[in-house]
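All values below come from the heavy atoms of this structure, side chains included, with hydrogens, waters and symmetry mates left out. The sequence lines fix the lettering, A, B, ..., with proteins before strands; numbering per chain opens at 1.
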Number of protein chains: 2
Amino acid sequence: MPEKVANSTRLKVNQAIAVTGYTTNAMARSLRLGRSNMILVVAPDIGDPNFSNILIGLENEARSHGYGVLIGHTQNDAQRGLEYLKFLNSNQAAGLILFTGILPFGHQTMTARLPPSVGVFEPVFNGGIPYVGVDDIAGARKAVDLLIAEGHRKIAFIGDSRTRLAYSRRRMGYEAGLDAAGIGPDLRMVLEGDGTIESGRLAVEQLFMRDRLPTAFMCVNDQTAIGVMIGLKTRGYDIPEDFSVTGFDDVPQAVFMTPSLTTIRQPRTAIGKHAMALLLELLSDGQPAETEILLRPDLVVRNSVSAPARIRR
Amino acid sequence: MPEKVANSTRLKVNQAIAVTGYTTNAMARSLRLGRSNMILVVAPDIGDPNFSNILIGLENEARSHGYGVLIGHTQNDAQRGLEYLKFLNSNQAAGLILFTGILPFGHQTMTARLPPSVGVFEPVFNGGIPYVGVDDIAGARKAVDLLIAEGHRKIAFIGDSRTRLAYSRRRMGYEAGLDAAGIGPDLRMVLEGDGTIESGRLAVEQLFMRDRLPTAFMCVNDQTAIGVMIGLKTRGYDIPEDFSVTGFDDVPQAVFMTPSLTTIRQPRTAIGKHAMALLLELLSDGQPAETEILLRPDLVVRNSVSAPARIRR
DNA sequence: TTGTACGCGTTATCAC
DNA sequence: GTGATAACGCGTACAA
């Protein structure tokens, strides 16, 4: 409401509002302004335990600025992504939050005209989009350093991936830690994986078919670690007596595992909050103040790590 | 597009669309129609493990009908609820999905004019709003029946609540099962709880201060069961050797507990799908076809239940 | 300081 | 079948 209205008229207006129960029509407003007050959040999997807390952060920040959060669930299906692209094209969303480094719009991805956007977790493929994540290298480094401090020297890395930048960064932290401790790299100790529980189980099977076993499994995320623990238990081994295991993310169930999982915590709510704040800033200023915000991940020590023991063969 | 346009003009129109990349402006459309294509989903806690899969169901169904899902997180705070009420009043949402049986709009709840709404899990307080949930009585009955079949006769019920209808219904199932087995009710075996992990721990402490222990703990939900298991383990007991435990919900981490939790599965994605379908039906027809949809919950047998053993005192 | 008129992009209506 | 026109409610610019 402008400043230059006289107090008398302002009073009358307010009274009229009270009497009629007037509320401004957001549709008309958006139409006139050519911009809505909705932010579209597109994630491949809403059910991902890593997602929900991020959403809380996103939502709180948006709401406190009068924005609403529209959610989109693509399941890595380009067809679904396209439907959300329609949302954007029809001006239903003023901004876009993207998860896991991909533009989910299939073959139209390259030509799509996007509103101001911010990525979460990883920089978005083909760049130009600022993002908020965690310092993966530093986080992974904390995990290796712990294992090395406990006396491990044969540490496997489970879940390397060329397509997920966060994963390859975590591997970089792993290698840096090994290097700092004077442990030479051993490629046989690095196994690929897509971050699923199954990929963790599979990695254990593969390693047991080789002649050289690690004493510790450093996993690219908690899901992988859970798979590794299942695989190890199935073979009758005890954790951490026989093998140590670390994860990354600090997913809700990490604390309920037996043994509870030592892992690296992502400050999820804070990531969501920062990502939304950055997007809203973009929306008003037009220019990104920062192109990359990396939060500090913390080591959470639980019970899945101990000093290495003699391994039975 | 109307039927009565000639093929020749239709062709020209489609060509023009292809050339200019026209997309209909949803704002103008909503303004003209006086109705948006957004559904507001309000939940007290987005991070609730019970919530995310429901959301998937809601979202899929909505999207396939051209609707978007707007999410609201109230944290049981009436103030936040009011902000979402604004969304509704400004015509930003055509319909409303409510969780856990309460209207989250504080003191304005009674006077609020609501759009077509559907409840999830429990009927919404003060009624008139159709809802989709699970047959809690039948579900609880499956759990007691299993315990009774294993030979238990002293079965505690943890998590009774007068405010949450779903919980009191689960208690009804519990009592019906006891009754059917000719086991008289014992009020000392029924403990209150709000469905949190802490309430489960507390219940264990309370029971151990009494003179008569159960051989099994039937919990109102998985969180409570997790708390009970923690409490029991802390006291050095083995599950299910010393005590059996059942939950309700089949939350994702239930399978990762040690022992894995025997529980009652809620078909979450299906609940979400049905709730949204019902709402969309309401939106077009105006009249609710059904006022209550109860889905069938399934018993998931895992490792937290066995026959009762002699209890050490 | 206040009032008024226009246009945002649709859809619905009505005359052609 | 087709084309023109009004109206949805708001923000803005300009006249009073």
Side-chain angles (χ1 to χ4, degrees), chain A residues 1-40 62 65-68 70 83-96 112-116 280 283-286, chain B residues 1-40 62-63 65-68 70 83-95 112-116 280 283-286:
Chain A
M1 198 174 307
E3 293 304 320
K4 57 179 180 178
V5 304
N7 270 343
S8 61
T9 39
R10 161 161 303 176
L11 188 67
K12 278 199 273 186
V13 168
N14 285 335
Q15 275 181 342
I17 288 178
V19 170
T20 60
Y22 169 87
T23 46
T24 115
N25 182 322
M27 293 309 151
R29 171 179 252 261
S30 298
L31 175 61
R32 182 60 178 72
L33 265 6
R35 174 204 287 199
S36 86
N37 63 150
M38 296 290 161
I39 304 296
L40 178 61
H65 289 262
Y67 280 83
L70 211 55
E83 299 187 34
Y84 293 111
L85 193 54
K86 300 238 176 71
F87 265 85
L88 295 171
N89 286 337
S90 61
N91 288 321
Q92 301 213 59
L96 180 61
R113 287 204 320 116
L114 296 181
L280 296 180
L283 243 31
S284 52
D285 294 11
Chain B
M1 199 172 304
E3 292 304 319
K4 58 177 179 179
V5 305
N7 270 343
S8 59
T9 39
R10 160 160 302 173
L11 189 67
K12 278 198 272 184
V13 169
N14 285 335
Q15 275 181 342
I17 288 177
V19 170
T20 61
Y22 169 88
T23 47
T24 118
N25 180 323
M27 293 309 152
R29 171 181 251 262
S30 298
L31 175 62
R32 180 65 237 251
L33 264 8
R35 175 205 285 199
S36 84
N37 63 149
M38 297 289 161
I39 304 295
L40 178 62
R63 187 184 38 74
H65 289 263
Y67 281 83
L70 212 54
E83 298 186 34
Y84 293 111
L85 193 53
K86 301 237 176 70
F87 265 85
L88 295 171
N89 286 337
S90 61
N91 289 321
Q92 300 214 59
R113 287 204 321 115
L114 296 181
L280 296 179
L283 243 32
S284 52
D285 294 10

Mind checking A:S90 for me? I need base, sugar-phosphate or nothing, with any heavy atom below 4.0 Å counting as a touch. nothing
Pairs satisfying side chain to side chain donor-acceptor pair (under 3.5 Å), at least one member in residues 16-31 of chain B, at least two apart: none
Quick one: pull up CG in A:N91 and CG in A:L33 and give me the separation to the nearest 0.5 Å. 11.5 Å
What range of DNA chain C does chain B touch, first nucleotide to last, counting atoms under 4.0 Å from its heavy atoms? C:dG9 to C:dA12
Would you sort out whether A:L70 and B:M38 count as a side chain to side chain contact (heavy atoms under 4.5 Å, CB included), showing the intermediate values? CA-CA 9 Å; A:L70 211 55; B:M38 297 289 161; 3.1 Å; yes
With a 4.5 Å limit on heavy-atom distance, are the side chains of B:V5 and B:V13 in contact? no
Determine, step by step, whether A:L11 and A:N14 satisfy the side chain to side chain contact (heavy atoms under 4.5 Å, CB included) criterion, reporting the C-alpha distance in whole Å, the side-chain angles of both residues, the deciding distance to 0.1 Å, and the verdict. CA-CA 5 Å; A:L11 188 67; A:N14 285 335; 5.5 Å; no
Roughly what angle, to 10°, lies between the helix axis at the start of the helix from C:dG3-D:dC14 to C:dC16-D:dG1 and the one at its end, five pairs per end? 50°
Can you give the first and last nucleotides of DNA chain D, 5' to 3', that have an atom under 4.0 Å from a heavy atom of chain B? D:dG1 to D:dG9
Looking at every non-hydrogen atom in both residues, tell me the closest pair between [X] and [Y] and how far apart they are.
X	Y	result
B:L283	B:R35	O-NH2, 3.1 Å
B:S36	B:A94	O-CB, 3.3 Å
A:A62	A:L280	CA-CD1, 4.5 Å
B:L88	B:P115	CD2-CG, 3.8 Å
A:I39	A:L96	CG2-N, 4.4 Å

Residue mapping more 5' on DNA chain D - nearest nucleotide basis, A:A28 or B:T9: B:T9
Qualifying residues under side chain to side chain donor-acceptor pair (under 3.5 Å), relative to B:N37, sequence neighbours excluded: A:Q92
DNA chain C-proximal residues of residues 30-40 of chain B, any heavy atom under 4.0 Å: B:R32, B:L33
